[in-house]
Amino acid sequence: MTIECPRGRYRVTETTNEPAGQLHPDYSDPDATPPPWSVIDGVLRDAGIYWLTTTRPTGRPHTTPVIAVWDGRSVWFCTGPDERKARNLGDRGPCTVTTGCNDYEAGTDVVVEGDAERVREPAELARFADALHAGYGDDWRFDTVADGVEHPAGGVAAVYRVRADVVFAFTRGPAAQVRYRP
């Protein structure tokens, strides 16, 4: 099935209990099929480094690597409250988070678009701190504090959650450009 949308035509593959991958035929090999959502979820879950892009007040982009946690619907990360990315986001702001493979002939790159929102709820901060420690080890053990997380060596960080509005996947071998709405 092909649908028209403001950004182009997408061939839709329906699956059960997973977001449907919408293949863009103009930017995909004719024999390409959308990877199952479980593959995209795995790329996001297993990534070691993510790239966060925010927008400065002047409108210029700001991109920086971050460590993060994917929970199946959102990317979570932390940053010092005075860092450029935190200043760009404030308590809420549109951004993209990307990760993937830098190999030209193989792999999958993923882009998550959404609004980042500052997390302040103690139970959610604790969940993030536990997940970050589980994923990155003892160097990333944080304690929860009133408005964020704190590293034992010092320094309080603000925690943000980017709920995925749309996820784009770019695969190679065969090449495919796919959109998901989780």
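Note: hydrogens, waters and symmetry copies are ignored here, and every other heavy atom, side chains too, is used.
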How long is the gap from [atom1] on [X] to [atom2] on [Y], to the nearest 0.5 Å?
| X | Y | atom1 | atom2 | value |
| --- | --- | --- | --- | --- |
| Thr63 | Leu52 | OG1 | CG | 7.5 Å |
| His133 | Asp143 | NE2 | CG | 10.5 Å |
| Leu44 | Asp71 | CG | CG | 10.5 Å |
| Thr98 | Ile49 | OG1 | CD1 | 11.0 Å |
| Glu117 | Asp91 | CD | CG | 10.0 Å |
| Thr64 | Trp51 | OG1 | CH2 | 7.0 Å |

What are the two closest heavy atoms between [X] and [Y], and how far apart are they?
| X | Y | answer |
| --- | --- | --- |
| Val178 | Gly21 | CG1-CA, 3.7 Å |
| Ala158 | Arg118 | CB-NE, 3.1 Å |
| Leu89 | Cys95 | CD2-CB, 4.3 Å |
| Asp139 | His151 | O-NE2, 2.9 Å |
| Ala157 | Cys78 | CB-CB, 3.9 Å |
| Pro94 | Asp115 | CA-OD1, 3.2 Å |

Exercise. How are the rings of Phe77 and Tyr160 set to each other: parallel, tilted or perpendicular (split at 30° and 60°)?
Worked result: parallel

Does the side chain of [X] reach to within under 4.5 Å of the side chain of [Y], using non-hydrogen atoms?
| X | Y | answer |
| --- | --- | --- |
| Thr99 | Val43 | yes |
| Thr53 | Pro61 | yes |
| Pro19 | Arg181 | no |
| Arg84 | Arg56 | yes |
| Phe168 | Glu113 | yes |

Between [X] and [Y] (side chain of the first, backbone of the second, donor and acceptor by atom type, cut-off under 3.5 Å), is there such a pair?
| X | Y | result |
| --- | --- | --- |
| Asp103 | Glu105 | yes |
| Ser28 | Gln177 | yes |
| Tyr136 | Ala68 | yes |
| Arg120 | Asp147 | no |
| Thr108 | Cys101 | no |

Problem set entry | Connected-component partners of Tyr104 among ILVMFWY, side-chain separation under 4.5 Å |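 None; Tyr104 is a cluster of one.
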
Exercise. Applying the 4.5 Å side-chain criterion to the ILVMFWY set and letting contacts propagate, would Val156 and Val66 be lumped into a single cluster?
Worked result: no

Exercise. Is Arg141 salt-bridged to Asp138, cutoff N-O under 4.0 Å?
Worked result: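 A salt bridge is present here (some side-chain N lies under 4.0 Å from a carboxylate O).
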
For this session: Kindly indicate, with the supporting measurements, whether the criterion side chain to side chain contact (heavy atoms under 4.5 Å, CB included) is fulfilled by Asp109 and Arg172.
Result: CA-CA 9 Å; Asp109 300 313; Arg172 292 169 293 289; 2.9 Å; yes

For this session: Answer yes or no for Arg161 and Trp76: cation-pi contact, defined as NZ/CZ to six-membered ring centre under 6.0 Å and angle to ring axis within 45°.
Result: yes

For this session: Show the numbers, then the answer: is there a side chain to side chain contact (heavy atoms under 4.5 Å, CB included) between Trp37 and Val167?
Result: CA-CA 10 Å; Trp37 175 251; Val167 175; 4.0 Å; yes

